[in-house]
Amino acid sequence: MEHSSFTSLVIVVIAAFLTPILVNRLKISFLPVVVAEIIMGIIIGDSLFGLVKEDAWLSILSTLGFIFLMFLSGLEIDFNAFKTKKHSKEDEGNVPSNLYLMTVVFSSIMILSILLAFVFKWTGLIDDVLLMIIIISTISLGVVVPTLKEMNIMHTSIGQFILLVAVVADLATMLLLTVYGTIYAKGDSPLWLIGILIVFSFIFYIMGGLFKKSPFLKKLTSGTTQIGIRAVFALIILLVALAEGVGAENILGAFLAGVIVSLLGPDQDMVEKLDSFGYGFFIPIFFIMVGVNLDIPSLVKEPELLIIIPLLFIAFLISKLIPVAYIGKWYDKKTTISSAFLLTSTLSLVIAAAKIAEQLGTISPEISGILILSAVITCVFVPVVFKKMFPMPEETKMIVKVSFIGKNQLSIPVAQSIHSHIYQTTMFFRKDLSDNRKLDQSIKTYELDDYIEEELVELGLFDSNIIVCSANDDSINKKVALMAHKHGVKRIICKQENGSEDIEFEGKNIEFFSSFLSNKILLKGLIESPNMLNLLSNVETSLYEIEMKNHSYHNVLLRSFPFAGDVIFVRIIRGKDSIVPHGDTELQYGDKLIVTGSKEYVSELKQDMEFI
């Protein structure tokens with residue numbers, strides 16, 4: 001028996017390893033990997049070859065995968081999406097905020113889902129109304145987020161709208177599923193006990209904030225200790241156990257753990273480690289076991305049940321197409337319809353709802369299988385339609401907003417030299433401290449009495465992609481740099497002639513420069529590499545750095561790279577590695593490309609590959 005268990009585990013782990021490789025080599029990138037894992041489970045399970053049988057080992061690992069999936073779903077929620085964002089002046093008064101649009105659309109989705117759930121009950125197909133409301137109204141973040149990232153539209157106005165609707169739908173249906181599990185559970189735990197779970201989540205959030213700020217923890221975050229990862233796993237287990245203790249579903253505890261960690265603002269390194277734990281081992285086992293347990297032959301034997309699949313798909317479409325049509329007042333027809341199709345995607349929560357309902361005995365295993373199969377088919381179909389139909393918005397044409405603090409002999413020539421169709425430069429300065437030289441009219445200027453935070457917010461300084469604090473006064477540069485960090489500016493470059501060892505700068509995303517450091521590098525360059533220095537200072541032959549953020553070039557061989565301009569790839573920086581490019585070198589998302597060539601072609605390539 002133990003030998004059989006270990007054999008099944010080995011087969012599942014090997015299948016999890018091979019699935020993404022096959023998806024990549026067969027060039028079926030339109031298929032989400034999680035769907036491919038379910039299909040792999042169908043192949044090795046009872047539906048086809050029967051190589052794997054669920055046992056205690058696989059059951060535990062699959063449950064852990066499910067719990068970790070729900071945790072990462074909570075972690076994926078970006079609560080900044082709930083903030084209302086300013087539109088351009090020409091749009092003010094015309095385009096409502098994404099928060100308002102989301103409220104109208106999601107409310108309509110819920111109303112239609114309730115009506116459609118009753119239609120299924122009246123036709124006698126599925127009697128469980130609450131379950132059908134959950135299944136019809138849910139939207140899969142696991143499909144929506146990767147698709148938006150791949151299309152490079154995550155940060156556009158329509159991308160933020162789609163994301164916001166998906167986040168709220170995921171959260172609302174998660175809570176509904178918990179209510180469902182509590183109502184139909186055989187225990188006698190009252191619904192109000194779930195409030196205890198919420199209270200403890202709030203307490204853990206406060207404790208997490210204090211824990212994160214503790215100075216002694218810095219010594220324990222790396223090496224074999226990894227205290228941050230240990231704390232996250234402890235939080236997951238505590239909330240999962242607490243959820244089960246109050247009669248709720250364990251996935252709610254895992255989801256709330258993800259929400260808490262997201263609110264605490266984990267660094268990117270920790271998020272990547274948690275992703276690697278989940279998507280590298282536990283979650284693939286869960287999805288493969290979903291496929292293994294999906295008994296398609298038994299579904300085929302009952303053809304009357306198969307009619308549910310097209311009807312459910314139609315219900316998914318109706319519940320999203322009609323509400324999303326509301327945004328057609330501000331977006332074109334193709335954008336509106338394709339957005340509705342993407343919001344039709346369902347997967348993780350449908351699987352969760354179907355499995356929980358089956359365990360509670362409210363639906364049969366056959367109905368559970370039909371619901372899961374419908375979700376899988378939907379996730380194969382809708383991302384393809386979205387990618388084919390969606391017209392890329394004008395916003396995706398990259399414009400990097402660079403704002404300079406101070407108008408002086410350093411900032412004026414730099415601002416004028418980089419200003420182009422890619423870089424939009426603005427200058428904020430105090431008249432009493434500024435140079436009197438005139439600037440190019442295309443460069444926006446704001447004359448200030450002082451650098452007051454409220455005024456800078458009003459003028460849009462913190463909406464910049466890059467802020468260069470280049471005033472002649474270090475204290476002004478420090479003050480504005482810390483404000484920019486507080487407002488979440490992506491890149492902050494700060495001039496500090498007296499050094500950057502100030503304790504207030506510790507742990508903040510601020511880059512420093514000074515006249516001393518610049519002169520030191522220049523002198524060293526003149527001595528050691530005079531020709532290289534000439535190359536760097538020559539506009540037409542200079543070296544440029546481009547960050548590869550266009551997912552469509554991910555895994556593309558350099559010899560197959562479609563850009564035909566006068567540009568040479570000199571180096572590829574990947575993490576800590578510096579790679580010499582060859583024809584068979586594959587580009588990867590996030591690569592830093594060092595290129596040389598004419599400025600015109602480099603600008604085109606930068607616009608195509610970067611996305612801020």
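In this chain, residues are counted from 1 in sequence order.
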Enter the distance from Gln496:CD to Glu511:CD here, rounded to the nearest 0.5 Å.
13.5 Å

Value for NZ (Lys478) from SG (Cys469), rounded to nearest 0.5 Å, stands at 12.5 Å

Might you point out which heavy atoms bring Ala257 and Leu235 nearest each other, and give the distance in Å?
O-CD2, 3.8 Å

Heavy atoms, side chains only, cut-off 4.5 Å: are Val414 and Thr425 in contact?
no

Do the non-hydrogen side-chain atoms of Leu461 and Val489 ever get within less than 4.5 Å of each other?
no

Mind listing the closest non-hydrogen atom pair of Ile476 and Ala471 along with its distance?
CG2-CB, 4.1 Å

Assess the residue pair Val261 and Phe71 against the criterion (side-chain contact (heavy atoms from CB on, under 4.5 Å)); give the C-alpha distance rounded to whole Å, side-chain angles, the decisive distance to 0.1 Å, and a yes or no.
CA-CA 9 Å; Val261 176; Phe71 164 75; 3.9 Å; yes

Do Leu239 and Phe255 come close enough that some side-chain heavy atom pair is under 4.5 Å?
no

Separation of Phe429 CZ from Ser470 OG (nearest 0.5 Å)
12.5 Å

Does any non-hydrogen side-chain atom of Asp449 lie less than 4.5 Å from one of Glu455?
no

Rounded to the nearest 0.5 Å, how far apart are CZ of Phe569 and CG of Leu587?
6.0 Å

Quick one, Val468 with Ser411, criterion side-chain contact (heavy atoms from CB on, under 4.5 Å). Give me CA distance, side-chain angles, the key distance, then yes/no.
CA-CA 9 Å; Val468 182; Ser411 60; over 6 Å; no

Please evaluate residues Lys407 and Thr445 with respect to the criterion side-chain contact (heavy atoms from CB on, under 4.5 Å), reporting the C-alpha separation (whole Å), side-chain torsions for both, the decisive distance (0.1 Å), and the verdict.
CA-CA 9 Å; Lys407 181 184 173 190; Thr445 58; 5.9 Å; no

Smallest heavy-atom separation, Phe390 atom then Ser338 atom, equals CD1-OG, 3.3 Å

For the backbone of Ile452 and the side chain of Asp450, can you confirm whether one donor and one acceptor N or O come within less than 3.5 Å of each other?
no

Indicate yes or no: at least one non-hydrogen side-chain atom of Leu72 is less than 4.5 angstrom from one of Tyr279.
yes

Heavy-atom closest pair (Tyr331 atom, Thr336 atom, distance to 0.1 Å) is O-OG1, 3.6 Å

Please check if the distance between the ring centroids of Phe68 and Phe233 is under 6.0 Å.
yes

Any side-chain heavy-atom pair from Asn477 and Asp474 closer than 4.5 angstrom?
yes

Let me confirm one number: the CD1-CG distance from Ile283 to Asp275, rounded to the nearest 0.5 Å.
8.0 Å

Aromatic rings Tyr205 and Phe202: how do their planes relate, parallel, tilted or perpendicular, breaks at 30° and 60°?
tilted

Not counting sequence neighbours, which residues clear salt bridge (charged side-chain N to carboxylate O under 4.0 Å, His left out) with Lys495? List them please.
Glu497

Centroid separation under 6.0 Å, is that true for the rings of Phe505 and Phe512?
yes

Is there side-chain contact between Arg491 and Asn465, with heavy atoms separated by less than 4.5 Å?
no

Can you tell me how far CD1 of Ile510 sits from CD1 of Ile492, rounded to the nearest 0.5 angstrom?
5.0 Å

Around atom NZ of Lys401, are there more than 12 heavy atoms of other residues, nucleotides or ligands at under 6.0 Å?
no

For Phe462 against Met483, the heavy-atom pair lying closest together
CZ-CB, 3.7 Å

Heavy-atom pair of closest approach, residues Val324 and Ser339:
CG1-CB, 4.3 Å

Ile443 vs Phe404, side-chain contact (heavy atoms from CB on, under 4.5 Å): CA-CA, chis, key distance, verdict:
CA-CA 11 Å; Ile443 297 175; Phe404 289 84; over 6 Å; no

Heavy-atom count around Phe513 CZ within 6.0 Å, excluding the residue itself: above 12?
yes

Among Thr103, Leu101, Val105, Leu99, which one satisfies side-chain contact (heavy atoms from CB on, under 4.5 Å) with Leu164?
Leu99

Could you tell me whether the side chain of Thr585 and the main chain of His582 form a donor-acceptor pair under 3.5 Å?
yes

Evaluate the side-chain proximity of Val232 to Phe277: yes if any heavy-atom separation is below 4.5 Å, no if none is.
no

Partners meeting salt bridge (charged side-chain N to carboxylate O under 4.0 Å, His left out) with Arg574 (sequence neighbours left out):
Asp591

Are there more than 12 heavy atoms of other residues, nucleotides or ligands under 6.0 Å from atom NZ of Lys508?
yes

